[in-house]
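Just passing along the structure, written as structure tokens.
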Amino acid sequence: MSRPEPDPTERLEPLLRDLGSSRTGLTSREAARRLVHYGPNELRRRGGRHWPRALGRQFTHPLALLLWAAAALAFVAGIVPIAVAVMVVIILNAVFAFAQEVQAEKAVEALAAFLPVQAKVLRDGRPQAVPAAELVPGDVLMIEEGDRISADARLISGGIEVDLSTLTGESMPVFRSADLADTGVSLLQARDLAFSGTMCTEGQARAVVFATGMRTELGRIAALSERVQPEENPLDRQIRKVSRLIALIALITGAAFVPIATFGAHLPVSEAVVFAVGLLVGNVPEGLLPVITLALALGVRDLARRGAVVKRLSAVETLGSTGVICTDKTGTLTENRMRVTHVWTAAGTYELGDAPVSGDARRADPALAGLASVMTACNNARRDLAGTLTGDPTEVAMLGAADRLGEPGAAGRLCLFHFDPALKRMSTVDERDGGTWVDTKGAPETVLPQCAAIMEGGAARPLTADRRRDVEQVVDDHARQGLRVLALAVRRLDPGQPVPRRREDAERDLTLLGLVAMQDPPRPEVAEAVAHCHAAGIRIIVVTGDHALTAAAVARQVGIVGERPAVVTGEQLDRMSEHDLDALLREHRQLIFARSSPEAKLRIADALRAEGHVVAMTGDGVNDAPALRRADIGVAMGRSGTDVAREASTVVLTDDDFATVVAAIRSGRQVYDNIRKFICYIFAHTTPEIVPFLVFALAGGAIPLPLTVLQLLAFDVGTETLPALALGREPAEPGLMRRPPRERSESVIRPAMLVRAWLFLGVICAVLSMAGFFYVLLRAGWHPGDPTGPGSPLHHAYRQATTMTFLGLIAGQVGTAFAARTEHASLRSVGVTSNPLLLWGIAFELALAAVLIYAPPFQALLGTAALTPDMLAFVVPFPFLVWGADEIRRWLLRRRKAAP
């Protein structure tokens with residue numbers, strides 16, 4: 001199937017011929033053949049060899065540079081085995097970190113499967129939804145408001161407004177129409193072409209695809225540049241700052257040790273350098289960065305399973321600090337299953353059940369037939385070949401109600417004025433019943449001012465001020481019941497009068513036919529989720545386009561507000577100054593913004609962020625995109641939301657459920673807590689690693705070195721990382737959602753954590769490990785200053801003593817792991833066995849310790865020696881002492897907090 005490259009600017013019929021297509025699209029079989037020929041409609045990465053750069057970064061971060069300095073010092077001092085050992089540490093850590101980074105990247109990329117991008121096409125003569133990757137040249141796209149255009153295409157009917165900012169950088173949408181044919185201009189300027197990667201912000205059109213994949217304009221741009229590197233997330237920036245602090249402390253400690261050991265312990269400079277290298281290594285938490293990356297990636301994957309697709313790793317950390325949720329009503333708090341329950345005309349109210357309205361009622365009230373006609377004509381929902389209604393839930397409900405009101409006459413649309421979020425109404429101009437009609441539907445407060453008459457008794461009567469008040473009272477009565485109300489109106493154009501081309505010319509002098517009340521029941525799980533938010537100190541603000549009374553009724557049903565919330569309409573908000581809005585948000589915790597415009601969402605988000613709140617904003621429409629981008633966490637609806645909203649958001653809900661937002665915040669808090677737990681765990685080992693060297697130096701050499709550098713390296717590299725990874729999978733502590741949100745400026749590493757790690761857990765572990773060291777030496781008859789080097793009578797006992805220090809560090813590490821599992825609660829509250837990965841990690845480090853202590857090759861390498869049963873018995877209580885001391889500390893904290 002070889003065809004010449006089509007010219008998209010040529011006349012439409014020759015273009016269709018060149019593409020081997022027609023206005024009704026391709027057959028499924030032909031599309032499948034073309035997919036094999038052209039390949040998938042995807043952008044391919046250039047080159048693909050990015051791993052050397054990613055791997056190189058692991059060798060140049062601050063902690064790695066510190067270890068390089070230690071290795072260089074060892075080489076200069078002629079201590080080659082130590083230098084090689086440190087380099088092995090660098091290489092192992094870099095490879096491990098790189099592997100975790102790759103795994104994290106794959107975890108995020110795999111989330112695309114949760115939200116496959118779909119495109120609507122004509123295949124086999126009927127509309128179908130297909131994966132965008134399966135589009136081929138010749139397909140006929142059906143483009144609607146909110147769609148992301150997935151291929152380069154020539155419009156064959158209709159007109160749309162398109163956001164071309166991804167290609168041109170221009171923020172204002174441009175109009176594209178099948179009637180505007182341009183020649184002699186660049187493709188991007190042609191007014192009858194639409195391009196891959198752009199967004200349809202208004203209108204409807206059909207277009208034939210002429211280029212896919214790397215042949216599109218977006219593909220050509222992508223082929224000219226490398227992919228943009230991912231932005232470093234805020235948590236990584238914090239950790240890198242801490243890494244530089246650790247590096248500075250390590251360098252100062254190491255540099256200070258050399259003169260102390262040389263002049264105080266009278267050691268040769270070469271040996272002093274060895275110990276300085278040991279201090280450097282002891283200060284460096286090698287596994288910190290890879291463990292954090294993996295924890296974030298696992299958090300993203302868990303959230304995806306719960307229905308929240310997080311598009312950036314950094315968002316997991318931000319979710320945990322969310323303090324305000326600005327939520328829409330329809331589809332988020334409610335089920336988005338609209339059903340018309342009541343119809344009101346001047347003759348009275350009709351309750352719509354499953355059965356059609358009786359013929360007697362239709363004959364007695366001609367306005368019912370008019371309502372059915374407007375419901376059908378002023379509507380973009382459609383019925384497929386199987387009879388299933390598809391489209392916006394409100395419009396689907398209207399079509400269903402029209403069927404129950406009576407069979408409307410066939411109408412031919414002449415003009416469409418799309419639903420305007422600011423005006424809150426939509427109109428069409430249609431031919432039916434031998435005339436031309438303007439059909440309008442929308443919010444009653446915006447339709448009624450455009451009405452001059454009301455249909456009553458089969459004739460149009462003037463809509464007096466008293467009659468308007470009666471209609472408004474009916475609207476309020478329905479809204480108080482939580483029903484959504486729309487007004488429907490018409491105007492018949494005079495014969496020969498041209499079709500209005502401007503909205504203001506069409507939507508005037510209308511005749512009100514009646515009101516339609518729809519019910520959208522609250523989701524059953526929302527009330528519990530709202531209660532969790534209130535317990536967690538998270539504020540919920542409803543920002544909706546619905547009527548104030550309707551929004552208040554639904555918010556009251558799910559527990560967001562009480563009996564007297566503060567309700568602000570869009571008009572009132574527009575009149576407020578920034579100072580007034582700030583004061584409103586501070587003074588009223590229970591707030592509802594009704595009849596709000598997209599601009600109002602943006603103002604509210606800005607005001608809350610200016611007050612220091614971390615804001616999550618939900619949205620689903622094209623006009624919600626600015627607010628979703630501005631909020632700290634933009635949450636788009638995966639089912640009912642537009643492509644534009646999903647592109648602008650940070651989190652996409654695959655189930656459109658408010659309860660999933662709360663579950664995501666809970667998971668964010670859990671991930672953040674777990675990051676703090678394993679940071680505390682890693683930092684707690686710094687003190688016991690440094691103390692042996694300080695004891696040796698401060699004793700002036702009278703006490704032999706309690707831990708060799710190679711044993712320290714084995715401890716750091718071999719036994720620390722797996723339990724740290726397991727702490728990243730720790731279940732949530734009790735009371736997680738009963739804590740207030742943390743401050744935006746709060747650092748992941750706080751002074752209290754460092755005190756706990758370095759001066760409490762670290763000191764206990766150091767005392768215990770040194771106790772094991774002295775226990776062995778003193779039992780062997782050692783006195784300060786006695787020789788312990790090779791050939792001396794105490795040499796074997798000295799090797800056992802250093803081995804005891806090594807095993808004591810590992811035993812303290814086990815106790816620290818259990819202590820770090822909770823920050824405030826007791827271990828019993830989460831369960832000793834509730835984290836099986838930690839138990840496996842501890843089993844591995846104990847088995848590794850046994851190999852390093854008892855296997856002859858490692859005894860020769862590390863200077864370890866087999867321990868006797870009484871020595872092992874001496875170490876057994878260490879984990880319980882470390883954990884028990886911290887358990888008592890946490891009990892005292894809880895008691896003090898509970899005290900009045």
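Just so you know, these numbers use all the heavy atoms, side chains as well, and skip hydrogens, waters and symmetry mates. One is the number of the first residue; the rest follow in order along the sequence.
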(message) Run the side chain to side chain donor-acceptor pair (under 3.5 Å) test against T446 and tell me which residues pass, sequence neighbours left out.
(response)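 In terms of side chain to side chain donor-acceptor pair (under 3.5 Å), with neighbours along the sequence ignored, T446 is linked to no residue.
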(request) Drop me the distance from K424's NZ to K441's NZ, to the nearest 0.5 angstrom. (result)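 Reported value, rounded in 0.5 Å steps: 14.5 Å.
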(request) Check step by step if side-chain hydrogen bond (donor to acceptor under 3.5 Å, both in side chains) holds for R484 and T394. (result) CA-CA 10 Å; R484 184 183 182 191; T394 300; 2.6 Å; yes
(request) Decide whether T618 and D328 meet the rule of one side-chain donor and one side-chain acceptor closer than 3.5 Å. (result)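 Note: T618 and D328 side chains miss the donor-acceptor criterion.
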(message) Would you say that V140 contacts V121 through its side chain, given a criterion of any heavy-atom pair below 4.5 Å between the two side chains?
(response) no
(message) Under 4.0 Å between a side-chain nitrogen and a carboxylate oxygen: does that hold for R154 and D192?
(response) yes
(request) Determine, step by step, whether S667 and R306 satisfy the side-chain hydrogen bond (donor to acceptor under 3.5 Å, both in side chains) criterion, reporting the C-alpha distance in whole Å, the side-chain angles of both residues, the deciding distance to 0.1 Å, and the verdict. (result) CA-CA 10 Å; S667 292; R306 298 183 184 197; 3.0 Å; yes
(request) Flag the pair R425 / E507 as yes when at least one side-chain heavy-atom distance between them is below 4.5 Å, and no otherwise. (result) yes
(message) Do T24 and R126 pair up side chain to side chain, a donor and an acceptor below 3.5 Å, judged on atom types alone?
(response) no
(request) Return yes if some donor-acceptor pair links the side-chain N/O of N379 with the main-chain N/O of M375 below 3.5 Å, else return no. (result) yes
(message) I want to check something: taking the side chain as every heavy atom from C-beta on, are T440 and V374 in contact at a cut-off of under 4.5 Å?
(response) no
(request) To the nearest 0.5 Å, tell me how far E10 CD sits from L12 CG. (result) 9.0 Å
(request) Answer yes when R215 and D152 have at least one side-chain N-carboxylate O distance shorter than 4.0 Å, and no when they do not. (result)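 Between D152 and R215 there is no salt bridge, as every charged N stays at least 4.0 Å from the carboxylate O atoms.
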(request) Indicate yes or no: does R34 engage E134 in a salt bridge with an N to O separation below 4.0 Å. (result) no
(request) Is it possible for you to check whether R432 lies under 6.0 Å from the centre of the six-membered ring of W437, through NZ or CZ, and within 45° of that ring's axis? (result) yes
(request) Start with the C-alpha gap between R11 and E13, add the side-chain angles, then the distance that decides, and say whether salt bridge (charged side-chain N to carboxylate O under 4.0 Å, His left out) holds. (result) CA-CA 6 Å; R11 290 188 302 110; E13 296 307 324; over 6 Å; no
(request) For the residue pair D124 and T27, confirm or rule out a side-chain donor-acceptor distance under 3.5 Å. (result)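 No donor-acceptor contact under 3.5 Å links the two side chains.
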(request) Determine, stepwise, if the pair T334 / D520 fulfils side-chain hydrogen bond (donor to acceptor under 3.5 Å, both in side chains). (result) CA-CA 6 Å; T334 62; D520 184 13; 2.4 Å; yes
(message) Once salt bridge (Lys or Arg N to Asp or Glu O under 4.0 Å) is applied, do any residues pair with E161, and if so which ones, sequence neighbours excluded?
(response)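 For E161, no residue satisfies salt bridge (Lys or Arg N to Asp or Glu O under 4.0 Å) once neighbours in sequence are set aside.
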(message) So D439 and S427, do their side chains get closer than 4.5 Å, heavy atoms only?
(response) no
(request) Check the side chains of N380 and R413 for a donor-acceptor pair under 3.5 angstrom, ignoring hydrogens and angles. (result)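 Result is yes, a qualifying pair exists.
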